[in-house]
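These notes are about the structure you will find just below.
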Amino acid sequence: MVTKQVTGSPDDADLRRADSLGREIFSDVANKWALLIIEALGEQTLRFSTLRDEVEGISHKMLTQNLRMLERYGLLERTVHPVVPPRVEYTLTEPGQALRATIDGLCEWTHRYFGHIETSRRRFDA
């Protein structure tokens, strides 16, 4: 995202706020755990423990922090069922599904250029 030079009109102030919010969202969401959580949820609803099992290597604390952040941005919905013990489920919202499509594109790009990237890394590291 490029910072734009703007004048002092209200429309320009809106652009500055949107640009700032975009940088904040990208900074938070573009971490390995958030991307893996979004990918794991896909089009399904998962409970916390199932989600933790799906995202290999994530700690309870990191999963909790990332789920809260994704919920704050409206990318997933948290549903608490009033039973004993409490049952909590997570589902991607429409914006979360749209972001998932972008993440899928990144994954496809990685698979497509994996060999090229590996060759370049070996050559660079030699």
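Note that these values count all heavy atoms, side chains included, but never hydrogens, waters or copies made by symmetry.
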Would T64 and F48 satisfy side-chain contact (heavy atoms from CB on, under 4.5 Å), going step by step from the backbone distance to the final call?
CA-CA 9 Å; T64 299; F48 184 93; 3.6 Å; yes
Show your working on side-chain contact (heavy atoms from CB on, under 4.5 Å) between T91 and T79 and close with a plain yes or no.
CA-CA 8 Å; T91 307; T79 304; 5.6 Å; no
Would you sort out whether R100 and D104 count as a side-chain contact (heavy atoms from CB on, under 4.5 Å), showing the intermediate values?
CA-CA 6 Å; R100 182 174 168 256; D104 287 346; 4.1 Å; yes
side-chain contact (heavy atoms from CB on, under 4.5 Å) evaluation trace for L51 with L63
CA-CA 9 Å; L51 193 49; L63 180 56; 4.2 Å; yes
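Other members of the hydrophobic cluster containing W109, listed by chain and number, are Y113, I117; membership follows side-chain contacts under 4.5 Å among ILVMFWY residues, whether direct or relayed.
Checking side-chain atoms of T93 against main-chain N and O of E77 turns up no donor-acceptor pair under 3.5 Å. Here the side chain of T110 pairs a donor or acceptor atom with the backbone of L106 at under 3.5 angstrom. Judged by distance alone, with hydrogens and angles left aside, the side-chain atoms of T50 form no donor-acceptor pair with the main-chain N or O of L46 at under 3.5 Å.
Heavy-atom minimum distance, A40 versus V55: CB-CG2, 4.0 Å.
A 4.5 Å side-chain heavy-atom check between M69 and V29 finds at least one atom pair inside the cut-off. Using a 4.5 Å heavy-atom cutoff, the side chains of Q97 and E43 are in contact. Contact of the V80 side chain with the E89 side chain is not registered, since no non-hydrogen atoms from C-beta on lie closer than 4.5 Å.
With values rounded to the nearest 0.5 angstrom, M62 atom CE is found 11.0 Å from L36 atom CG. Taken to the nearest 0.5 Å, the OG atom of S49 stands 9.5 Å off from the NE2 atom of H60. For the atom pair CG (L99) and CG (L92), the distance works out to 8.5 Å, reported to the nearest 0.5 Å. Here the CH2-CG distance, from W33 to N66, works out to 9.0 Å after rounding to the nearest 0.5 Å. Distance CG/L41 to OH/Y90: 10.0 Å, rounded to 0.5 Å.
For the salt bridge (charged side-chain N to carboxylate O under 4.0 Å, His left out) condition, no pair includes a residue of residues 52-68, sequence neighbours left out.
Scanning for ring-ring contact (aromatic ring centres under 6.0 Å, His included) contacts around Y73 gives an empty result, with sequence neighbours left out.
Between E24 and R72 there is a salt bridge, with a side-chain nitrogen of the basic residue lying less than 4.0 Å from a carboxylate oxygen of the acidic one.
In this structure, H116 places its NE2 atom where only 12 or fewer heavy-atom neighbours from other residues, nucleotides or ligands lie under 6.0 Å away.
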